[in-house]
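Please read the structure below before turning to the comments.
Note: hydrogens, waters and symmetry copies are ignored here, and every other heavy atom, side chains too, is used. Atoms within each ligand, like the ligands themselves, are counted from 1 in listed order. For this chain, numbers begin at 1 and follow the sequence in order. The shown structure was predicted, so the numbers you read here are calculated from the model rather than taken from an experiment.
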Amino acid sequence: MFAEVIVDIIHYEVDKIFEYSFSDCNVQLGSRVLVPFGAKYVEGIVIKINDESNYPIEKIKPVYKVLEETPALTKESISLMEYVTKSCYVTKASALRLFLPSEMRKGRIKEKFTLFAELKENIDVDKVISALKSSAKKQRDCILFLGENGKTELSFLNKEFGSSAVKSLKDKEIISVITEQTFRSPYKNLGNTGKQVVLTNNQLSAIDSIVNTDKEITLLHGVTGSGKTEIYLNLIDRAIKDGKSAIMLVPEISLTPQMLAQLRARFSENVSILHSGLSAGERFDEWWRIRNKEANIVIGARSAIFAPIENIGIIIIDEEHDGSYISESSPRYNTIDVASFRAKYNGGKIVLGSATPSVESYLLAKNGEYNLVELKDRINKKPLPEVEIADMRNEVRRGNNSPFSSVLKSELSDCLNKGNQAILFLNQRGYSRTVICTECGHVQKCSDCDVSLTYHYEDNSLLCHYCGAKYKMIDKCTNCGSKYLKYGGIGTEKIVLELHKLFPQAKILRMDRDTTQSKEGHFSILSAFARHEADILVGTQMIAKGHDFPSVTLVGILDADMSLHFADYRSAERTFQLITQVAGRSGRADETGKVVLQTYQPDNLVLKRAIQYDYEGFYKEEIAIRKATAFPPYTDIVRILISSESEDDALIVTKAVYQELSFVHETYRDKFRFFGCMKAPIKKLQNKYRFQVLMRINAKDKDLTDKIFITVNKYKSSHVNVVMEINSNNLS
Ligand code: ADP
Ligand code: ZN
Ligand code: ZN
């Protein structure tokens, strides 16, 4: 027999299928194998099995070894891999890596086995004990312990009763030692947050519509607090009862524990979790639990869409508008597209949920490609929180230079006096965004990136938020030596310090990337806040989404303008989404909530729509602008990003790429709306100079993007990187 194998080497030159022979019946479709490749052995995946080969038999080498008995990849994964290869323009090997926990490759991690001991089956405890020497006290205790507690970890017994006592019991054949696989399972102590609710009529008819539509995708557009989560749980329940499986995605790792707790309360061991924040061992074990069908509900962030689960009944993508669903590194896949592939393959359905759908999705729903279900009211018709605008220009005029407007201060003190909780949102971590010299105007920058450094108060350092480089805080300007330095732009650290001054009694928690480094960091902060161990939670966009804190009655949006300034066609949409999401954290239980939104442009149309919760109005204006200016979803933005440590080499390649693409542009002029070549907005990143060729072309023209890819890909070399991105979330 012959196996077609993809070897685990990411290189265009070996992006081929290699053939090996085998006689071992363990070689199956999807098996991970070790095969001879050149002078060494490499790992690979069997993607096809043939009875015959077209090659001369003596040229075909045999498979060296099968790595696991159960094939790691399912048949579906193999088809999906081919789809990713074509749609994301990556090698097969790089697409394959999406399907396997990285620890599994190269055998870096294995199942965990633990030794246990128990009394042998026909042991009469009293008899054995009376036969012991009176000095063998430890042996006696150990026997009594095992008699009472049954099978126990050997390491525990050794510690408790001494290893020599345990050994002699083993030698005397009183106890037996057994090896068992133990599962490393994440988030063991989430607590039980399952609550029984009776679904409202709105929820029931939403479910009805989703179940009965013949469309593959339903867009569930429901205001914050409209009870979407209950709908998801019900749909998962139905899938499981039908003997099918389910995938539930949330946009951030920080949201997984909360959702996991709700799922476990309902479906107990049937739920598994997959995301990059787990330890290697946990991820490995969870992955195999899914593969071995011991769990048929998967919850996770983006990458969990590749879970090795079979027979999918439903895929739920919560907060579908979120940018995290589009991968920013190769393979640059769009989660909704991958979900759609899997739903089709399995005959399952997809639910995209959001209070603020992306304009792309909403357009598809309006056009009838998606089934549209709308929930316009919160559960029990609770009003959405009232939003008050604080015009920061007036504050400055009145001499208030603090980051808090007077109305926010008084609302905060009201909220705290009533014993309620508040959330303050600012999408900037650290103490100050930049450090500027007041003498010469020099801004401290990263030496590897063309990016200004953020001052972090806690460890008194300057941090590059792009490459992570850390520098000692300076006491004088590195350009002119002046000691007069000024902080520009405020971050969450500074907000916390200012709050301590204003409300010395208040307990404050901060949640941003710096305070959530550890695996359960998110969870411990959120659950402390949920237990009301703090009065105010200050945070970045991490706190904007999904969380349900009943005692929060005030939300402050400290700088609503921040995301409006980005020169990105999505900035209006992002701002609208963020404000709606953050505002939705307020007043979710009995008391009506309030939101204070601080801005320097109170007349901005997007902000106005957001504070009226007018998604429809926002959408109409935004989609009209996209159409008039030819931006997605009416076009696709294709960017060729060229980067190299040598600025000259990058420039030479950029010019060549541009020149050759000009011919494509000439031929297909009618399909292009824009074509240009320039430095990337961030000119240098991690010591690499960056240039770009930007195009806006007719939407979803696969033939054209294929042509563009073939044209540019040959310019890739070991020292000049050339990548093609389509509708990337990040055009910096
Ligand atoms: P969304 O996901 O739409 O923001 P949630 O699903 O978090 O909303 O629901 C908001 C709140 O309403 C939650 O506290 C939830 O437990 C509660 N809830 C949901 N459905 C019901 C129901 N049918 N009856 C009572 N409470 C409900
Ligand atoms: Zn200076
Ligand atoms: Zn840097």
Side-chain angles (χ1 to χ4, degrees), residues 193-207 220-235 248 250-251 255 258-259 261-262 265-266 316-320 351 353-357 373-382 384-385 435-454 461-471 474-486 530 544-552 580-590 593 613 682-688 690 732:
T193 61
K195 60 178 168 188
Q196 286 288 332
V197 299
V198 179
L199 295 177
T200 62
N201 284 338
N202 283 343
Q203 286 171 319
L204 287 172
S205 52
I207 292 167
L220 177 60
H221 173 214
V223 298
T224 55
S226 57
K228 295 188 288 297
T229 312
E230 281 302 326
I231 296 178
Y232 302 153
L233 293 172
N234 187 286
L235 290 166
M248 160 103 216
V250 292
L255 291 166
Q258 197 182 16
M259 198 62 222
Q262 296 200 41
R266 219 176 268 210
I316 290 159
I317 304 185
D318 191 26
E319 316 277 11
E320 67 87 29
V351 174
S354 177
T356 53
V373 175
E374 307 206 74
L375 298 170
K376 303 208 187 258
D377 295 317
R378 281 189 153 185
I379 287 288
N380 303 330
K381 304 248 176 199
K382 210 169 309 142
L384 283 159
V435 177
I436 310 156
C437 167
T438 54
E439 297 273 324
C440 74
H442 179 72
V443 176
Q444 289 301 314
K445 284 193 173 180
C446 176
S447 58
D448 291 344
C449 312
D450 183 35
V451 167
S452 59
L453 294 171
T454 303
S461 62
L462 291 167
L463 229 71
C464 173
H465 284 190
Y466 283 82
C467 74
K470 194 170 178 172
Y471 303 81
I474 46 167
D475 52 13
K476 46 184 190 284
C477 172
T478 51
N479 184 44
C480 74
S482 156
K483 279 195 282 197
Y484 299 100
L485 302 170
K486 162 178 108 174
K545 301 161 196 165
H547 308 293
D548 192 18
F549 302 112
S551 316
V552 172
T580 313
Q581 295 297 328
V582 190
R585 300 309 113 218
S586 183
R588 290 172 72 88
D590 302 330
Y613 300 101
I682 295 181
K683 298 178 198 69
K684 192 171 88 169
L685 201 59
Q686 290 181 292
N687 252 331
K688 290 194 173 127
R690 307 165 85 235
S732 56

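Counting heavy atoms from C-beta on, the side chains of R378 and P385 come closer than 4.5 Å. No side-chain heavy atom of L453 sits less than 4.5 Å from a side-chain heavy atom of V435. Residues N479 and E439 form no side-chain contact, since every pair of their non-hydrogen atoms from C-beta on lies 4.5 Å or further apart. Contact of the L233 side chain with the M259 side chain is registered, since non-hydrogen atoms from C-beta on lie closer than 4.5 Å. Put simply, the side chain of T478 reaches to within 4.5 Å of the side chain of Q444, judged on heavy atoms.
In this structure, L375 falls outside the shell of residues with a heavy atom less than 4.0 angstrom from ligand 1. Taking 4.0 Å as the cut-off, G222 does not count as a neighbour of ligand 1 on heavy-atom distance.
Contacts with ligand 1 closer than 4.0 Å are made by backbone heavy atoms (N, CA, C, O) of V223 only, the side chain lying farther away. If you look at V197 next to ligand 1, the close heavy atoms, those under 4.0 Å, all belong to the side chain. By the criterion of a heavy-atom distance under 4.0 Å, the side chain of I379, and not its backbone, is placed next to ligand 1. Within the 4.0 Å heavy-atom criterion, neither part of R378 lies near ligand 1.
Counting the atoms of ligand 1 from 1 in the order shown, those under 4.0 Å from a heavy atom of G227 are 1 (P), 3 (O), 5 (P), 6 (O), 8 (O), 9 (O), 19 (C). In the vicinity of T200, heavy-atom distances shorter than 4.0 Å reach the ligand 1 atoms 23 (N). Atom numbering of ligand 1 starts at 1 in the shown order; those under 4.0 Å from a heavy atom of V198 are 22 (C), 23 (N), 24 (N). Listed by atom number, the atoms of ligand 1 under 4.0 Å from T229 heavy atoms are 2 (O), 5 (P), 6 (O), 7 (O). Annotation for ligand 1: atoms under 4.0 Å from non-hydrogen atoms of S226 are 1 (P), 3 (O), 8 (O).
For the pairing with L220, the side-chain contact (heavy atoms from CB on, under 4.5 Å) check across I316, I317, I231, L235 returns one residue only, I231.
Using modelled atom types, no side-chain atom of R690 and backbone atom of L685 make a donor-acceptor pair closer than 3.5 Å. Side-chain N or O atoms of K228 include one that pairs as donor or acceptor with a backbone N or O of G222 at under 3.5 Å. At least one donor-acceptor pair closer than 3.5 Å links the side chain of R585 to the backbone N or O of Q581.
Where the criterion is an N or O separation shorter than 3.5 Å, residue side chain and backbone included, T224 fails it with respect to ligand 1.
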Point to revise | Test side-chain hydrogen bond (donor to acceptor under 3.5 Å, both in side chains) applied to S447 and Y471, step by step | key: CA-CA 10 Å; S447 58; Y471 303 81; 3.1 Å; yes

Practice item. Check the pair Q203 / I379 against side-chain contact (heavy atoms from CB on, under 4.5 Å), numbers first and verdict last. Key: CA-CA 9 Å; Q203 286 171 319; I379 287 288; 3.6 Å; yes

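The angle that C477 SG and C480 SG make at the Zn ion (ligand 2), rounded to 10°, works out to 110°. Rounded to 10°, the angle formed at the Zn ion (ligand 2) by SG of C440 and SG of C437 is 110°. Between C449 atom SG and C446 atom SG, the angle centred on the Zn ion (ligand 3) amounts to 110° (nearest 10°).
Counting backbone and side-chain atoms alike, H442 contributes no N/O/S atom closer than 2.8 Å to the Zn ion (ligand 2). At least one N, O or S atom of C467 sits under 2.8 Å from the Zn ion (ligand 3).
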